[in-house]
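These figures come from a predicted structure and were not determined experimentally. Residue indices begin at 1 and follow the sequence shown.
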Amino acid sequence: MGRKKLVYINIDGFSYSYLERLRSHGRAGGFERLQHDGFLFTALRSGLVSITCPMQGAILCGAWSDRTHNFFEHYDIRSGRVVRHGRTCDAQNAAEALLAQGATVASIHQFMLEHRPCEEGSEQCAYIRCEKEPSDSRDRFALLKDLARGTPVHTGDTLLRCATMPDFTALYIDDIDGLGHNMDYGPYPRRATWEERLCDIEERLELIQQELEAFIAICKQRGFFEDLTVLVTTDHGMTPFWGKSCLPDILTRLNGAGFSTATPENRTRDTQLVALGHDIELSLYAVAPLTEEQMQRIRRICEAPAYIQFVFDRAEMQRRYGFDPRGPEFLLCPVRGGHFCGRDVPVGACAASHDSFDETSQHIFGLLLGGSVAQRGTWDAPTSAIDLLPTILAGQFGVTMRDSTGTLHDGWFAGE
């Protein structure tokens, strides 16, 4: 047996619903063939709030925002301002845990590992960028395949020469997220309908399947696939929305019931609730502590409209999703198509985002491959995004991340 290696590939924005669509059109052959070397997660879930930086950090650390302190943004009552979390990640990540054990690590555009611990010019923990920007999956997979072949690649001004792959390599791909938001992306213009955009996503996922298969073929040809574990997953899915924003209506309902409610920019001395929206969901922050009776009244008001799918209160978010205490009193999740944007989506247009509790955002893609992977075909047990790397690091490297709270699953690897 050689030295164990791990490759973690994150395809940002890969909703499980995309895989189901590929299958229905007979275009999922690459993923189906790859399952012969491992298994597909059929019940893998994202978290709250399912936005890129928070979820990328959660996966890498095996922990939610009570440990990483990133759930995208919050409203700070004292300062009266919205605080963006950016790339904040206060928990130990997989690369840091493995580096502490003497492993070599590398990141190809996995931005949450830049300076944590990966740096341009480092041979022990290299941060690697494509020489041309903007880059896409083809450019970034080319770098991964070079590492697999032992071909030198640049990290900053340093030429990284590795006879074999680093012990841990992270690759970040953003094509599917870029397309999913239905903006101009590379050769693809913004589309008028979600169906048109889904056709673009299918096309790019076919290319990504080819790249994945080509990478696995190189690992097998070079003889280290038996010692390799490959995790391919995502941070969140994508949910389309359209039409008028629900924000004006919920503000009217709350104000009409006697709760002075305003957006951050319109807060006054009399404001009791601050309504902070991103794209789809809405957070409600209490300026002063609420009584239990007030909490129940607000919940009833928020659950009443037909456009509401689910209302989380703070206690439930903390219990189910390890939510940072700076989070809102309530998180309002609309049904598919609904949104709390500060603007309406024009007639004849379609938007999409992923801060949603809809299945299209929460049910996410995941695939585990490798010579030591015991299961073949599918893994059907409910699994959280924060379970993935903790289980792999424990099962293959005997390493535990300091802040991880993910569940360790049995049965993924031979000899367990």
query = Closest heavy-atom contact between Ala94 and Phe168?
reply = CB-CZ, 4.3 Å
message = List the residues meeting salt bridge (Lys or Arg N to Asp or Glu O under 4.0 Å) with Arg129, not counting sequence neighbours, and say none if there are none.
response = Glu114, Glu120
request  = With sequence neighbours excluded, tell me which residues meet salt bridge (Lys or Arg N to Asp or Glu O under 4.0 Å) with Glu203.
outcome  = none
query = Please walk me through it: do Leu144 and Val7 pass side chain to side chain contact (heavy atoms under 4.5 Å, CB included)?
reply = CA-CA 9 Å; Leu144 182 66; Val7 172; 4.2 Å; yes
Under a 4.0 Å threshold between the charged nitrogen and the carboxylate oxygen, would [Y] count as salt-bridged to [X]?
{"X": "Arg336", "Y": "Asp358", "result": "yes"}
{"X": "Arg3", "Y": "Asp167", "result": "yes"}
{"X": "Asp249", "Y": "Lys244", "result": "no"}
{"X": "Glu211", "Y": "Arg138", "result": "no"}
{"X": "Glu195", "Y": "Arg21", "result": "yes"}

Passing option when Phe323 is tested against Trp64, Phe72, Phe71 for ring-ring contact (aromatic ring centres under 6.0 Å, His included) = Phe71
query = Rounded to the nearest 0.5 Å, what separation is found between the CZ atom of Arg204 and the CD1 atom of Ile176?
reply = 7.0 Å
message = Within this structure, what is the NE2-CD1 distance for the pair His109 and Ile128, rounded to the nearest 0.5 Å?
response = 9.5 Å
query = Does the salt bridge (charged side-chain N to carboxylate O under 4.0 Å, His left out) test come out yes or no for Arg45 and Glu359, once each step is laid out?
reply = CA-CA 9 Å; Arg45 310 289 298 179; Glu359 280 295 284; 2.7 Å; yes
message = Quick check: do Phe340 and Tyr307 have side-chain heavy atoms less than 4.5 Å from each other?
response = yes
request  = Could you check if a side-chain atom of Ser361 sits within less than 4.5 angstrom of a side-chain atom of Ser46, using non-hydrogen atoms only?
outcome  = no
request  = Over 60° means perpendicular and under 30° means parallel, so classify the ring planes of Phe357 and Phe312, tilted if in between.
outcome  = perpendicular
query = So Phe31 and Phe14, would you call those rings parallel, tilted or perpendicular, with 30° and 60° as cut-offs?
reply = tilted
query = Step by step, would you call Glu316 with Phe310 a side chain to side chain contact (heavy atoms under 4.5 Å, CB included)?
reply = CA-CA 12 Å; Glu316 185 173 12; Phe310 201 84; 3.8 Å; yes
remark   = Test side-chain contact (heavy atoms from CB on, under 4.5 Å), reference Tyr8, set Thr169, Leu113, Ile59, Leu171, output is Ile59
query = Side-chain donor-acceptor pair under 3.5 Å between Ser372 and Lys4, yes or no?
reply = yes
key: Side chains of Arg197 and Asn182, donor plus acceptor under 3.5 Å   = yes
task = Mind checking ring pair (Phe, Tyr, Trp, His ring centres under 6.0 Å) for Phe215 and listing every partner two or more places apart, or none if nothing turns up?
result = none
inquiry  = Any side-chain to backbone donor/acceptor pair from Asp355 onto Ile280? Under 3.5 Å, distance only.
reply    = yes
